[in-house]
Every structure is written in structure tokens, then in C-alpha cells.
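Working notes, beginning with the structure itself.
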Number of protein chains: 2
Amino acid sequence: MHKRILVVEDEASIRDMVAFALRKADMEVIHAADARAALVAISDTPPDLILLDWMLPGMTGLELARRLRGEQGTAEVPIIMLTARGEEMDRVNGLEAGVDDYVVKPFSTRELIARIKAVLRRAQGDDGAGSIESGGLRIDGPAHRVYAGDTQIEIGPTEYRLLHFFMTHAERVYSRAQLLDQVWGGSVYVEERTVDVHIRRLRKTLEPFGVDGLIQTVRGTGYRFSVNP
Amino acid sequence: MHKRILVVEDEASIRDMVAFALRKADMEVIHAADARAALVAISDTPPDLILLDWMLPGMTGLELARRLRGEQGTAEVPIIMLTARGEEMDRVNGLEAGVDDYVVKPFSTRELIARIKAVLRRAQGDDGAGSIESGGLRIDGPAHRVYAGDTQIEIGPTEYRLLHFFMTHAERVYSRAQLLDQVWGGSVYVEERTVDVHIRRLRKTLEPFGVDGLIQTVRGTGYRFSVNP
DNA sequence: GCGCAACGTGACAGTCTCGTGACAGCGGCG
DNA sequence: CGCCGCTGTCACGAGACTGTCACGTTGCGC
């Protein structure tokens, strides 16, 4: 899981340690040395989580947290505060300001990572996918299953996502680039022809069950899921 | 959804914070600073949910919870306990006493609201207490026991909670993160792979009794409890 | 019919996921 | 104290999955 973490911390040594640990845990790190820099960085692209030092030059972390909660677009971004021992008494204020968790210095990087993961986990909401039926195929989102009539079809992760996307976006042509964006996720680089291969695999998986011809090639453009031949 | 929440908490700062958050979420808040006040408030009008601090002057939250469970009219009122870090080990005792969920301090108001809503939702659907049967397995909620046919199965605490969760949420895939949230509790920091190990242990516990294949792996996504292969 | 570009297909090596056994820490209990 | 049940983590390996390539096939304009 690739996540963007904004680290707002003026002390270089801590910043570097944190950055090192986060990168090792496959997260992207953005720095900000003070509140102003943080606000700039956020307005650019809101991160998935904000690590906020309690004491900052100019504006305290708490003020910044309050401000972010009011801001548009960052109201739901989880915040974890870094506090030194003894500052804990203000915890309640922080919680009121919408801070999600605290990590008290000195902390182990291991603990920090664990906390971050826990908060991220909590933050990401439910996946509200029902079940869709089309062209003799049925895909059960919650159960993560695919049926052709009554028989269940075994299907790989990528094939599943691809099929799911197609069934929720039927009767429309998508280019390879669009499919890569939607099914693979925007931030990965893979060859466009890879889509071809997965289309092929999906067709091959479905074909023995008589649900043929649902995924159509539109030469020079892309692919389309359609009930009509 | 207008609900009445009884907050039993002696520390004023936390009480105020909680009250503030709850009111913002359109809930009615009743205060009680100790167990006696709580009992009085309850006998007046039973609330829809009780928020109970672990440590109270006079009587611990746990005792109060037990007492409420025995009381007429409050036996079904959901209880959420507030515990400080480090008191978590008694979680099992709490579950036995009929506590519905735990929130570990420090918590964010958002998390608290989310938990409260979840518990209320669950209480509405009334799946809590009875015994559930599925796939040749029977789980006796109140007695905390598991049967395969007529023979009882010895099972550890975590395995029990995991199985219980699965049986009350069958035919649906859950990611490791979701399982950690639901089975371990939202504010505990464990590796995701730990789920694998407990799944393994649960499978191994059930397997000698012929109830095989109930917990299925959905590669790249999570696990699913299902009677169908 | 020809040539070209687009697409289908099979193979393959690297990567990732998951199952599994082992192990150390921690309370509980005799 | 030593033993025991339970838990979280780790390391390892088998197997599934994936991205890419090379080559065959098809469609299309001329």
C-alpha cells in the first residue's frame, strides 16, 4: 500500500529518521519545516496522513491541526501528533481538534509505523459494492466472487478488478491507458500491451463457461464490455 | 438518528470532549460521574447506549457493567468501555461481562463516534447474543463455546473472536486490516500477517472435526467464511 | 494481393502472496 | 520457581500471479 505522508517537523534529525523509516515501509514522504510550508504542501496535493510535531516555529502543531480541520479537502486527512514527554496533559485539546493519535518522543520507528498503519486502516472506509449482473455473468462484490449462471468461476486478482470495472462500466469503450488508470491504479507504470494480455487471460477464464464475446476489441481504440455482439 | 447516550466518566475534561463530539453527531448526552449516579440515571430512563470509563471512583466500570447486565431493562443496552492503554489485557473479562466494544485512550472523537454508530447498528440488527449455526459449526455466544455437531471444540480467545466474527459475517471477504479492526479492536497495533497465523491456527483447530474448507483465502484481498467451497 | 499496424497468443522469469513451522515473550497457575 | 497456554513476529519455501517479450494472426488502406 503506497501512501503519501506529510511530515511537519523542524528538527532535522527526527525528520530524517522518520523519513527513513517511512520509506522503508513503502510510503512516500513529503517534508515541511513549519506550518506555512505544510499548508503550501497540502494545498498542492493532500496527503493520506499528516505527522505533526507539537512544537513548531511560528504556529504550534495544535493550531495547525485545528486549521486543517476547518480547511476544505483536508478535514478527513488523519493527523498523528509527535509530542515530547510532559506535553501529554494537552492531549485532550488535541483530541478535540481532531487529532487521531499521539506518539510520544522518544519513539521507536517500529512503533511509529505501526501507529500510522493503524490510523490509516481506521480511516479508510468501507467498500460499498453490491452485486452486479450482466450478460449471464454475476459478480458479487462483498463476497468477491464471480458466477456464470450457477457455477462459480475462479479468477485472479487483476482479472477480477478488470472484470469488475467492465461490468460497472459496460457499453463503453476504454483505451488501454484508461484501463491502466482505473484498474491498475494511476501511479504505476506498465506497458500498455500488458492490458492486452490480461484481457486475453480474462477471456480465456470466462470462455469455458459459455459467456463468450462479452469483451470486445475496438481496433485502434481499446476494449468494451457489452452484452450485444 | 437521535439517540440517548449515558456517559459515565469522572474526569471532567474527557467528559466534556465526549459530550461535545456526541452532540455534534446529533446525540443526547446524559452525564454520570460515578457508578451510583449512573444507576440512578439509568433507572430513570434507560439510554440507548452507555459509555463507561474503566476506572471509576467506588466501583470499577467492569463491576458496573456486570451489574447492569443483571439488571432488569438494561440487559440489552449496549456498553462501550473507555480504557487507558495498558488496561487492555482485561478485554476478555469485559467481553464476558457483555461489553460490546472498547475504545482505548487516547482516542479521536471521530473514532469514538464511528464505534458508537457501529455498536448501535449492530444492536439494532440484534445478532449479538444467541447461538449461530453454519456449515456444521455451532457457536454459543453467551456460553462462549463452539461445537462441531455434538462435540465441543476447545478454542483460544482470539480464535474464538475470529470465528465468531466470521460466523456473524459469512459470505463476505474481509481484508487483514478489516479483521484487525473488527476482531482485535481498532486501536491495537499488530502486523497484518498476524491475521494469517491466527487463520492458520483456527483452521488447524477446526480441521480434526471435519469442518474443513469453511475459511477461504481470497488471494490478494483477504479471507472469507463460507459454507460453499 | 501487399504491406503495415494493431491485436492475439504462448512462454517465461521475476515478484508477490500465503501457508507453515519455529521461537521468544508474557501472564497465569501449580 | 518452572511449566503451560496463548500471542505476535519472523524466516523460509511452494505456488500463484504478473509484466514483458517474441512471434503468429488479423484487419485495413492501397
Side-chain angles (χ1 to χ4, degrees), chain A residues 1-2 24-26 108-111 113-115 117-118 144 146 153-163 173-177 179-180 183-185 187-208 212-224, chain B residues 85-93 95-96 144 146 153-163 173-177 179-180 183-185 187-207 212-224:
Chain A
M1 84 168 153
H2 184 76
K24 225 177 74 179
D26 185 35
S108 73
T109 58
R110 199 184 148 65
E111 182 190 358
I113 299 292
R115 299 285 198 92
K117 284 191 176 170
H144 217 269
V146 180
I153 302 181
E154 289 299 327
I155 200 170
T158 307
E159 291 171 39
Y160 179 87
R161 270 178 290 142
L162 190 55
L163 179 61
V173 182
Y174 289 92
S175 70
R176 290 166 229 292
L179 289 173
L180 282 179
V183 177
W184 273 254
S187 50
V188 287
Y189 179 74
V190 281
E191 292 292 325
E192 292 207 339
R193 285 304 302 282
T194 301
V195 175
D196 296 29
V197 179
H198 279 273
I199 291 278
R200 146 82 172 151
R201 283 169 181 159
L202 184 50
R203 281 172 172 162
K204 202 156 140 188
T205 311
L206 298 181
E207 181 248 323
D212 208 356
L214 285 172
I215 300 167
Q216 297 145 15
T217 308
V218 181
R219 188 164 248 265
T221 309
Y223 295 95
R224 167 183 56 206
Chain B
R85 229 188 274 292
E87 299 172 347
E88 303 162 56
M89 52 284 305
D90 289 320
R91 178 171 276 165
V92 176
N93 291 330
L95 289 173
E96 258 165 53
H144 234 257
V146 180
I153 301 181
E154 288 302 325
I155 199 170
T158 306
E159 289 171 40
Y160 177 85
R161 271 178 289 143
L162 189 54
L163 180 61
V173 177
Y174 290 91
S175 69
R176 288 161 233 284
L179 289 173
L180 283 179
V183 177
W184 274 253
S187 35
V188 73
Y189 315 107
V190 218
E191 291 292 324
E192 293 205 340
R193 285 295 249 108
T194 301
V195 175
D196 296 30
V197 180
H198 280 273
I199 291 278
R200 146 88 171 148
R201 284 168 182 159
L202 184 51
R203 279 173 174 161
K204 205 156 139 188
T205 310
L206 298 180
E207 182 246 323
D212 207 355
L214 286 173
I215 300 169
Q216 296 145 16
T217 307
V218 181
R219 189 162 251 264
T221 307
Y223 295 95
R224 167 183 58 206

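Note on naming: letters A, B, ... go to the chains in the order of the sequence lines (proteins, then strands), and numbering restarts at 1 for each one. We use all heavy atoms of the structure for the numbers below, so side chains are in, but hydrogens, waters and symmetry mates are not.
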Give the rounded distance in Å between these two atoms: CD1 of B:Ile199 and C1' of D:dG8.
-> 15 Å
Counting a pair only when it is Watson-Crick or G-U and both distances are under 3.5 Å, which runs of at least 3 such pairs involve DNA chain C?
-> C:1-30 with D:1-30
Please report, rounded to the nearest Å, how far the P atom of D:dA16 is from the CD1 atom of A:Ile155.
-> 16 Å
Could you give the distance from OH (B:Tyr223) to CG (B:Asp196), rounded to the nearest 0.5 Å?
-> 3.5 Å
Protein-nucleotide distance (B:Gln216, atom CD; D:dA16, atom C1'), rounded to Å | 17 Å
To the nearest Å, give me how far apart CG (A:Leu180) and P (D:dT18) are.
-> 14 Å
Under 3.5 Å, is there a donor-acceptor pair between the side chain of B:Arg224 and the main chain of B:Gln216?
-> no
Starting at the 5' end of DNA chain D, which residue's closest nucleotide do you reach first, A:Glu159 or B:Glu159?
-> B:Glu159
Drop me the distance from B:Leu163's CG to B:Leu214's CG, to the nearest 0.5 angstrom.
-> 8.5 Å
Integer-rounded Å distance: C:dC16 P and B:Asp196 CG = 17 Å
In whole angstroms, the gap separating P of C:dT17 from CZ of B:Arg176 amounts to 9 Å
Closest heavy-atom pair, B:Glu159 versus B:Thr205, reported as atoms and distance to 0.1 Å, is OE1-OG1, 2.8 Å
Mind checking whether A:His144 and A:Tyr160 have parallel, tilted or perpendicular rings, split at 30° and 60°?
-> parallel
To the nearest Å, give me how far apart CG (A:Leu202) and C1' (D:dT18) are.
-> 15 Å
Think A:Tyr223 has a side-chain N or O under 4.0 angstrom from the OP1 or OP2 of C:dA6?
-> no
Could you run down nucleotides 19-30 of chain D 5' to 3' and tag each one B, S or - for protein heavy-atom contact under 4.0 Å?
-> BBB----BB---
Shortest non-hydrogen contact from A:Arg176 to A:Val195?
-> O-CG2, 3.9 Å
Would you indicate what A:Val218 reaches in the nucleic acid, counting non-hydrogen atoms under 4.0 angstrom: base, sugar-phosphate, or nothing?
-> sugar-phosphate
Pair A:Asp212 + A:Arg203: basic N to acidic O under 4.0 Å | no
Of all heavy-atom pairs between B:Glu192 and B:Ala177, which one has the smallest distance, and what is that distance?
-> OE2-CB, 3.6 Å
How many Å lie between CZ on A:Arg203 and P on C:dC7, as a whole number?
-> 11 Å
With sequence neighbours excluded, tell me which residues meet salt bridge (Lys or Arg N to Asp or Glu O under 4.0 Å) with A:Arg201.
-> none
